[in-house]
Asker: 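Quick one: the structure is below, questions incoming.
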Amino acid sequence: MANTIKDILLDLLKTVGPSGSEERVINLFGQSIAPYVTEVKTDVTGNCIAHKTGSGSKVMLVAHADEVGLMIHYIDERGFLYFKEIGGVDTSLLPGQKISIEGINGSVIGVIGKKPIHLQDKTDSPRTINPEDLWIDIGAKDKKDAEQKVHIGQVATIISEPVLLSDKIVASKSLDDRIGLAILIAVAEKLGQTNADVYFVASAQEELGSVGAQTVTERILPDVGIAIDVTHATDYPTMSVVKDGDIKLGAGVVIAVGPNMHKSVSDKLLNVARKSNIPYQMEALPKRTGTDARAIQVAGTGAAAGLLSIPCRYMHTPNEVVSIADAESAVHLIIEYLRLYNN
Ligand SMILES: [Zn+2]
């Protein structure tokens, strides 16, 4: 199981897909899951819907395809590119990064520059840094040269090659939520004989307010919709278990409870985990989840929502860290849930 998730995941992590420009991720997801489902299609919002038909109740599993990123909005006379941020970007981490822009004729590599330490005075390293203080250098001669390669509105992400910190611990950008997509593909592959009627959805624009999850829920009208996303691990310096709960890497999939999640769904997931001895952790979410589970709950006339999360350190940085073991427990849990409750 580990190899499957790891292999799929590494491919997904190398794919660029800021919110609104998820096509590459959607295509890879569709191709990867196609052998295990009845049909794969995309919708007008940009979601990918992979349907495995069955006679059981309708279950929708959703992981989001998009990631945070940058959008080029101004090119100056010297050919430097200025950008706005897509989603919750930590601006302070951008200086010094390599950037991949989806340019006019394919990928354009750039770097986000900064005045050297030797030449800085105290005011050059402000506590808060804004996107307008930063620029991307693509090695262009001037504005005209830059405009041959990139136009206004094109998107970019940080370049951060995935690495294994140990056998099961991965560091990369966009593990939020490519780990969720890898879980969906692994579930589809291993599901085997069951009557569950399952929709595996790679949703678009979660980082901008679960746009895709809302439209896809209204289209499919599932009985149950479960979002699979990441949540904040609290097992590293500066985090507080008293404030944010005790969530550890490698301690199992996280089952969320709270008003966004339907009690019957959370209860069944907990029941399955206990019965099948699947490692799990619990997360109390008394407010909006900020995930696709919220959109699933309120779309149309509403669906019974659930939320499963993978603990993630350093979310929305160039090096998010998750454990493959937690993804494996999520796959195991979803399969047992479908076998027990949706035949
Ligand atoms: Zn996410």
Side-chain angles (χ1 to χ4, degrees), residues 5 8-9 12-13 15-22 24-26 28-29 45-48 60-70 85-90 93 155 157-158 160 162 170-185 187 200-217 225-234 244-245 247 249 253-256 258 260-261 281 283 285 287-297 299 305-324 326-327 330 334:
I5 291 186
I8 300 164
L9 181 62
L12 287 164
L13 288 170
T15 312
V16 171
S19 312
S21 302
E22 300 95 345
R24 291 165 196 81
V25 184
I26 291 290
L28 179 57
F29 174 79
T45 315
N47 299 302
C48 181
M60 181 178 74
L61 303 171
V62 182
H64 67 90
D66 60 320
E67 63 190 299
V68 297
L70 311 174
E85 294 168 345
I86 302 170
V89 174
D90 185 341
L93 295 174
V155 297
T157 54
I158 285 173
S160 172
V170 188
S172 173
K173 76 169 179 78
S174 69
L175 280 160
D176 172 15
D177 187 23
R178 305 288 157 76
I179 188 75
L181 295 180
I183 288 167
L184 295 197
I185 296 165
V187 168
F200 301 89
V201 176
S203 64
Q205 299 193 36
E206 187 270 353
E207 301 288 357
L208 302 182
S210 293
V211 177
Q214 181 176 339
T215 60
V216 84
T217 306
I226 301 174
I228 294 100
D229 209 326
V230 294
T231 191
H232 300 292
T234 57
D244 294 312
I247 306 285
L249 232 64
V253 57
V254 180
I255 301 172
N260 279 177
M261 282 60 68
Q281 310 176 66
E283 178 177 36
L285 293 173
K287 295 184 191 163
R288 278 177 181 229
T289 73
T291 67
D292 281 346
R294 161 73 182 173
I296 293 166
Q297 182 196 29
L307 174 60
L308 294 175
S309 304
I310 302 304
C312 177
R313 293 176 182 162
Y314 327 125
M315 205 186 294
H316 286 201
T317 75
N319 295 294
E320 299 172 335
V321 173
V322 306
S323 167
I324 300 284
D326 296 327
I334 295 166

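In listed order, ligands and their atoms are each counted from 1. Both backbone and side-chain heavy atoms feed into the values below; hydrogens, waters and symmetry mates do not.
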Asker: Under 2.8 Å from the Zn ion (ligand 1), is there an N/O/S atom belonging to D229?
Answerer: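 D229 does place an N, O or S atom closer than 2.8 Å to the Zn ion (ligand 1).
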
Asker: Could you pull out all residues at least two apart from R288 that satisfy salt bridge (Lys or Arg N to Asp or Glu O under 4.0 Å)?
Answerer: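 None.
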
Asker: Relative to the Zn ion (ligand 1), which of the N, O or S atoms in D176 is the closest?
Answerer: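 The Zn ion (ligand 1) is closest to the D176 atom OD1, counting only N, O or S.
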
Asker: Would you check if the side chain of D66 reaches a backbone N or O of E207 as a donor-acceptor pair within less than 3.5 Å?
Answerer: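 At least one qualifying donor-acceptor pair exists.
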
Asker: Restricting to N/O/S, name the atom of H64 that gets closest to the Zn ion (ligand 1).
Answerer: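 Answer by atom name: NE2.
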
Asker: Keeping the roles fixed (side chain from E22, backbone from G20), state whether a donor-acceptor pair exists under 3.5 Å.
Answerer: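 Answer holds: yes.
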
Asker: Go through the steps for D244 and H232 under the test side chain to side chain contact (heavy atoms under 4.5 Å, CB included), then give the verdict.
Answerer: CA-CA 8 Å; D244 294 312; H232 300 292; over 6 Å; no

